[in-house]
*Asks:* 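Sharing a structure below in structure tokens format, with a few things to ask.
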Amino acid sequence: MSTQSAHHLESEASHLQPEIPEAPSHRRRHTLPASEFRCLTPEDAASVFEIEREAFISVLGICPLYLDEIKHFLSLCPELSLGWFQEGRLVAFIIGSLWDEERLTQESLTLHRPGGHTVHLHVLAVHHTFRGQGKGSMLMWRYLYHLGSQPAVRRAVLMCEDALVPFYQSLGFHLVGPCAITLGSLTFTELQCFMRGHISLRRNSGC
């Protein structure tokens, strides 16, 4: 499941924090980059779950991915994840896996199918102290651009609550229809984004 609580909707006007200039060589110290995007590893799983649990449990009562599932996907397909780190601290992330059917099904919540050409975005979450700064949308732009560099990936799909549909549409996703997956009383809308169309949209957006 790829969703955010309603308070994640935010003004999408954020810019990357500039890099910290390197100290002169005679006083050089080991410093962490001010802002870094990289694929996640199983070693990041605990930090991922801490952010996810806070973001979803209080609102939905469930998590899109639990700790074992996070480790599972980050072991099988780390290249389909992306984390945003500031001074070494994880502040936002996305986790995806490959899927090989036209629509999402219950199996797509837990499976990675290497022969697929569709990336299922399971979760996008932002640390609570960094919300309201446009980080969710900026990370998604980065992630889709990252996917566009992988020849086997033709589209990305996700499921979200109705209230978040406009947020994802602003990032280039298009409605597919009601999602076949339900979780208790929760229902979702399925959206998709084709990689070629997204690259063109990103170029025109100036992001």
*Asks:* Excluding sequence neighbours, so at least two apart, what forms salt bridge (Lys or Arg N to Asp or Glu O under 4.0 Å) with Arg53?
*Replies:*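 Arg53: no salt bridge (Lys or Arg N to Asp or Glu O under 4.0 Å) contacts found.
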
*Asks:* For residues 106-118, which side-chain donor-acceptor pairs fall under 3.5 Å, sequence neighbours excluded?
*Replies:*
residue : atom : partner : partner atom : Å
Glu107  : OE1  : Arg113  : NH2          : 3.2
Ser108  : OG   : Thr105  : N            : 3.3
Ser108  : OG   : Thr105  : O            : 2.5
His112  : ND1  : Leu98   : N            : 3.1
Arg113  : NH1  : Asp100  : OD1          : 2.8
Arg113  : NH1  : Glu101  : OE2          : 3.0
His117  : ND1  : Ala152  : O            : 2.8
Thr118  : OG1  : Arg155  : NE           : 2.9

*Asks:* Do Gln150 and Val119 make a side-chain contact, defined as non-hydrogen atoms from C-beta onward lying under 4.5 Å apart?
*Replies:*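 Side chain of Gln150 against side chain of Val119, heavy atoms only: no contact under 4.5 Å found.
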
*Asks:* Does some side-chain heavy atom of Leu191 sit less than 4.5 Å from a side-chain heavy atom of Cys160?
*Replies:*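 Heavy-atom side-chain distance check passes, below 4.5 Å.
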
*Asks:* Can you run down the side-chain hydrogen bond (donor to acceptor under 3.5 Å, both in side chains) pairs that involve residues 68-79, sequence neighbours left out, and say none if there aren't any?
*Replies:*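 The answer is none; no pair qualifies.
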
*Asks:* Heavy-atom count around His128 NE2 within 6.0 Å, excluding the residue itself: above 12?
*Replies:*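 Buried by this count: over 12 neighbours within 6.0 Å.
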
*Asks:* Can you hop from Leu65 to Leu183 via hydrophobic side chains spaced under 4.5 Å?
*Replies:*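 Leu65 clusters together with Leu183.
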
*Asks:* Contact between Phe167 and Ser137 at the side-chain level, heavy atoms closer than 4.5 Å - yes or no?
*Replies:*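 Touching, per the 4.5 Å side-chain cut-off.
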
*Asks:* Quick one: which of Glu50, Glu54, Arg89 gives a side chain to side chain donor-acceptor pair (under 3.5 Å) with His127?
*Replies:*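 When side chain to side chain donor-acceptor pair (under 3.5 Å) is applied between His127 and each of Glu50, Glu54, Arg89, only Arg89 qualifies.
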
*Asks:* Are Leu124 and Val176 linked, directly or through other ILVMFWY residues, by side chains that come within less than 4.5 angstrom of each other?
*Replies:*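 Per the 4.5 Å side-chain linkage, Leu124 and Val176 are not co-clustered.
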
*Asks:* Give me the atom names and distance for the closest heavy-atom approach of Cys179 to Leu104.
*Replies:*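 Smallest interatomic distance, heavy atoms only, reads SG-CB, 4.4 Å.
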
*Asks:* Should Trp99 and Leu76 be regarded as members of a common hydrophobic cluster, given that ILVMFWY residues are connected when their side-chain heavy atoms come within less than 4.5 Å of each other, either directly or indirectly?
*Replies:*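 Trp99 does not cluster with Leu76.
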
*Asks:* Please report the C-alpha distance between Met140 and Phe173 in whole Å, then the side-chain angles of each, then the deciding distance to 0.1 Å, and finally whether the side chain to side chain contact (heavy atoms under 4.5 Å, CB included) criterion is met.
*Replies:* CA-CA 11 Å; Met140 181 62 82; Phe173 283 84; 4.2 Å; yes

*Asks:* Could you go through Trp141 and Leu171, starting from their C-alpha distance and side-chain angles, then the distance that decides it, and tell me whether this counts as side chain to side chain contact (heavy atoms under 4.5 Å, CB included)?
*Replies:* CA-CA 7 Å; Trp141 280 115; Leu171 296 169; 3.3 Å; yes

*Asks:* Is there a side chain to side chain contact (heavy atoms under 4.5 Å, CB included) between Phe188 and Leu158 once you walk through the steps?
*Replies:* CA-CA 9 Å; Phe188 305 95; Leu158 58 82; over 6 Å; no

*Asks:* Could you tell me whether a side-chain N or O of Tyr168 sits under 3.5 Å from a main-chain N or O of Gln192, the two making a donor and an acceptor?
*Replies:*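 Such a contact is absent between Tyr168 side chain and Gln192 backbone.
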
*Asks:* Would a distance-only check, ignoring hydrogens and angles, find a side-chain to backbone donor-acceptor pair under 3.5 Å from Ser47 to Leu90?
*Replies:*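 Side chain of Ser47 to backbone of Leu90: no pair is present.
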
*Asks:* Donor-acceptor check, side chain of Glu190 to backbone of Val157, threshold 3.5 angstrom: yes or no?
*Replies:*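 Flag not set: sc Glu190 to bb Val157 has no pair under 3.5 Å.
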
